[in-house]
Colleague: 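Take this structure, written in structure tokens, and hold onto it; I'll ask about it next.
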Amino acid sequence: SENLESLSQAMGIMQHHDAVTGTEKQAVARDYDRMLFKAIVGAESNARDALRSLTNLTSGEFESCLDLNISACAFTQSTANNVVVTLVNPMAHASTQYVRVPVKNENYIVTDEKGREIPSEVVPVPWQVLALEHRSNGTQHELVFRASVEKVANFLIRVLPSPKSVVKNTAQFPQEKAIDE
Amino acid sequence: TDELIVENSLVKLTFDTTTGGLKTIEMNGIREDIHQSFGIYKGFRGNNGEANNRSSGAYVFRPDGDIEVLSSNQVDLTFYNGTRVKEVYQQVNEWVSQVIRIYDEVNRVEFEWLVGPIPADDEVGKEVITRFSSGIASKGKFYTDSNGREMLERVRNQRETFDPNMSEAISGNYYPVTGQISLQDDEKRITLLNDRAQGGASLNDGELELMLHRRLLNDDAFGVGEALNETQFGTGLIARGKIYLILDEASEKPKHAERLLQHELDQHFWKFFSKSNGVPSVN
């Protein structure tokens with residue numbers, strides 16, 4: 001309850017017009033950042049407890065990656081193991097959405113709870129989006145697959161030992177420049 | 001060839017490979033010439049002594065002169081041709097780039113923009129926008145959401161209940177966009193959905209623009225007491241976000257698909273990661 005109350009309070013403060021529009025002082029922006037980060041991390045343990053109860057993965061870490069929006073995830077970067085991604089749909093109706101998970105450039109297979117293979121592909125993140133001169137990032141690719149979720153759904157991302165088949169599926173324009181490079 | 005065609009079962013995009021720019025979009029049985037560009041408004045720098053000498057700052061958008069369009073020169077273009085997702089990477093300049101993507105069986109176009117760090121070595125504050133230009137005869141009308149709720153009609157250079165002073169014609173036509181902005185004529189409708197609160201406008205018929213990122217060097221004296229100049233990493237911030245575009249037939253009411261998409265953008269799936277060799281089931 002303490003964790004949820006803390007997140008509730010932080011979200012309440014974030015309704016202030018300065019937080020919505022970004023017209024707060026820089027020091028206040030940093031304080032909002034600190035407050036919201038602390039509240040989210042606290043509430044992650046509630047989510048973990050709930051998901052351990054809602055699934056049969058009783059020892060699951062159920063970690064969040066708060067940098068997914070910038071194509072970075074420490075969890076998938078650090079592990080060479082198979083990973084389960086648990087999707088929670090916060091809407092009041094079923095939804096189908098494409099999911100992007102930052103990964104290394106490996107050969108993966110994605111399966112749903114019934115063991116059925118879900119079509120997926122590994123897409124390179126363009127270098128300018130990675131902004132490598134501004135941050136380090138070991139996950140320079142994203143695994144993309146389509147997921148249909150009613151409320152909670154699990155998908156297993158398995159690393160295959162076989163080498164990735166080399167398919168050239170990028171092209172650069174104008175062509176002359178690509179040849180020069 | 002001088003054209004790059006990127007298409008799936010629902011959406012077809014055509015790019016001009018000589019300029020690197022978007023040319024046309026086809027979806028929902030409608031084809032429209034849509035050109036996208038990025039531009040800079042220089043932030044006005046004043047002494048804040050009088051109203052007409054107030055600087056552009058956190059609270060107030062006061063461009064100094066007209067827009068400077070960035071993408072009129074060569075845009076570098078790279079195409080990723082996947083089976084489920086097709087992506088076009090556009091490098092506009094050293095600090096503006098974009099990924100345009102279409103997903104299989106998804107009826108929209110995604111623009112993932114990346115802007116920053118905005119250079120300020122020339123001592124000029126800059127406010128970066130993206131603009132979508134089409135041939136749609138919108139006759140000065142466009143629509144913005146009311147804090148995520150109903151769509152409100154906006155008329156260029158007008159207000160509903162009074163005669164406005166439009167001496168600042170650019171910022172005077174900017175409105176808050178927290179969910180979507182659209183325009184239409186009798187046949188076609190373009191809707192842009194954003195992932196964060198932004199300023200938006202339709203400064204010419206058929207055009208929609210959204211403010212993406214700002215870096216300003218003066219306080220506007222409206223209370224914050226400092227310039228909107230975030231330099232904690234030494235160089236200014238990099239901002240990254242998404243705009244979704246839907247081209248559809250005109251409608252008197254907002255489309256169901258647009259409203260549903262707005263919910264999906266705000267409430268996308270939460271992702272949790274665990275190490276496991278088997279896939280767990282939901283109890």
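So that the names make sense, note that chain A is the first sequence line, chain B the second, and so on, each numbered from 1.
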Colleague: Compare every heavy atom of B:Ser276 with every heavy atom of A:Leu57, then report the nearest pair and how far apart it is.
Modeller: CD1-OG, 4.0 Å

Colleague: Can you tell me which portion of A:Arg48 sits under 4.5 Å from chain B's heavy atoms? Options are side chain, backbone, both or neither.
Modeller: neither

Colleague: Evaluate the side chain to side chain contact (heavy atoms under 4.5 Å, CB included) criterion for residues A:Met91 and B:Leu260: first the C-alpha distance (whole Å), next the side-chain angles of each, then the deciding distance (0.1 Å), finally the verdict.
Modeller: CA-CA 10 Å; A:Met91 289 188 288; B:Leu260 197 64; 5.9 Å; no

Colleague: With a 4.5 Å cut-off on side-chain heavy atoms, are B:Phe272 and A:Val85 touching?
Modeller: no

Colleague: Taking side chain as everything from C-beta outward and backbone as N, CA, C, O, which of these in A:Thr21 sits under 4.5 Å from a heavy atom of chain B? Side chain, backbone, both or neither.
Modeller: neither

Colleague: Grab the two heavy atoms, one from A:Leu156 and one from B:Asn277, that are nearest each other, plus how far apart they are.
Modeller: CD2-O, 3.6 Å

Colleague: Between B:Lys271 and A:Glu44, is there a side-chain N and carboxylate O pair less than 4.0 Å apart?
Modeller: no

Colleague: Under the side-chain contact (heavy atoms from CB on, under 4.5 Å) test against B:Phe269, which residue among A:Val99, A:Val152, A:Thr86 passes?
Modeller: A:Val99

Colleague: A:Leu51 versus chain B, heavy atoms under 4.5 Å apart: side chain, backbone, both or neither?
Modeller: side chain

Colleague: Taking every non-hydrogen pair under 4.5 Å, which of A:Val149, A:Val144, A:Asn81 racks up the most with chain B?
Modeller: A:Val149

Colleague: For A:Val28, which atoms come within 4.5 Å of any heavy atom of chain B: side chain, backbone, both, or neither?
Modeller: neither

Colleague: Which atoms of B:Val106 are under 4.5 Å from chain A, going by heavy atoms: the side chain, the backbone, both sets, or neither?
Modeller: side chain

Colleague: Quick one: what part of A:Ala29 sits under 4.5 Å from any heavy atom of chain B, side chain, backbone, both or neither?
Modeller: neither

Colleague: Quick one: which of A:Pro119, A:Ser64, A:Cys65 has the most heavy-atom pairs under 4.5 Å with chain B, could you say?
Modeller: A:Pro119

Colleague: Has A:Asn56 got a side-chain atom pairing as donor or acceptor with B:Val282's backbone, closer than 3.5 angstrom?
Modeller: no

Colleague: Which region of A:Asn69, side chain (C-beta onward) or backbone (N, CA, C, O), has a non-hydrogen atom less than 4.5 Å from a non-hydrogen atom of chain B, or is it both or neither?
Modeller: backbone

Colleague: What part of B:Asp104 gets closer than 4.5 Å to chain A, counting heavy atoms only: side chain, backbone, both or neither?
Modeller: both

Colleague: Any donor-acceptor pair under 3.5 Å linking the side-chain atoms of B:Arg84 with those of A:Ser120?
Modeller: no

Colleague: I'd like to know which of A:Asp18, A:Asn82, A:Thr111, A:Ile157 tops the heavy-atom pair count under 4.5 Å against chain B.
Modeller: A:Asn82

Colleague: Spell out, as yes or no, whether a donor-acceptor pair under 3.5 Å connects the side chain of B:Glu230 to the backbone of A:Gln26.
Modeller: no

Colleague: Can you see which heavy atom on B:Val85 is nearest to which on A:Glu121, and at what distance?
Modeller: N-OE2, 3.4 Å

Colleague: What do you reckon, is CE of A:Met14 surrounded by more than 12 foreign heavy atoms closer than 6.0 Å?
Modeller: yes

Colleague: Could you tell me whether a side-chain N or O of B:Lys275 sits under 3.5 Å from a main-chain N or O of A:Val83, the two making a donor and an acceptor?
Modeller: no

Colleague: Heavy-atom cut-off 4.5 Å, strictly under: side chain, backbone, both or neither for A:Phe75 against chain B?
Modeller: side chain

Colleague: In terms of heavy-atom proximity below 4.5 Å to chain A, should B:Gln198 be classed as side chain, backbone, both, or neither?
Modeller: neither

Colleague: Which residue out of B:Ala197, B:Gly82, B:Gly199, B:Gly57 racks up the most heavy-atom pairs below 4.5 Å with chain A?
Modeller: B:Gly82

Colleague: For the CD atom of B:Glu264 and the OG1 atom of A:Thr96, what is their distance to the nearest 0.5 Å?
Modeller: 8.0 Å

Colleague: When heavy-atom pairs shorter than 4.5 Å are enumerated against chain B, which of A:Ser95, A:Ala47, A:Ser59 gives the highest number?
Modeller: A:Ser95

Colleague: How close do B:Glu87 and A:Arg100 get, heavy atom to heavy atom, and via which atoms?
Modeller: OE2-NH2, 2.9 Å

Colleague: Can you tell me if A:Lys151 has over 12 outside heavy atoms packed within less than 6.0 Å of its NZ?
Modeller: yes

Colleague: As an exercise, state the distance from CD1 of A:Ile70 to CD1 of B:Ile238, rounded to the nearest 0.5 Å.
Modeller: 9.0 Å

Colleague: Less than 4.5 Å apart, any side-chain heavy atom of B:Arg240 and any of A:Ser71?
Modeller: yes

Colleague: So which of B:Phe79, B:Phe15, B:Phe273 has the biggest tally of heavy-atom pairs under 4.5 Å with chain A?
Modeller: B:Phe273

Colleague: Looking at A:Asn154 and B:Val279, would you say the former's side chain and the latter's main chain have a donor-acceptor pair under 3.5 Å?
Modeller: no

Colleague: What are the two closest heavy atoms between B:Val99 and A:Pro126, and how far apart are they?
Modeller: CG2-CG, 3.7 Å

Colleague: Enter the distance from B:Gln267:CD to A:Asn89:CG here, rounded to the nearest 0.5 Å.
Modeller: 8.5 Å

Colleague: I want to check something: taking the side chain as every heavy atom from C-beta on, are B:Pro280 and A:Val84 in contact at a cut-off of under 4.5 Å?
Modeller: yes

Colleague: Chain B: which of A:Glu24, A:His93, A:Lys114, A:Arg146 shares the most heavy-atom pairs with it under 4.5 Å?
Modeller: A:Arg146

Colleague: Just verifying a value: how many Å separate B:His268 NE2 and A:Leu87 CG, rounded to the nearest 0.5 Å?
Modeller: 12.0 Å

Colleague: With a sphere of 6.0 Å drawn around CD of A:Gln15, does it hold more than 12 non-hydrogen atoms of other residues, nucleotides or ligands?
Modeller: yes

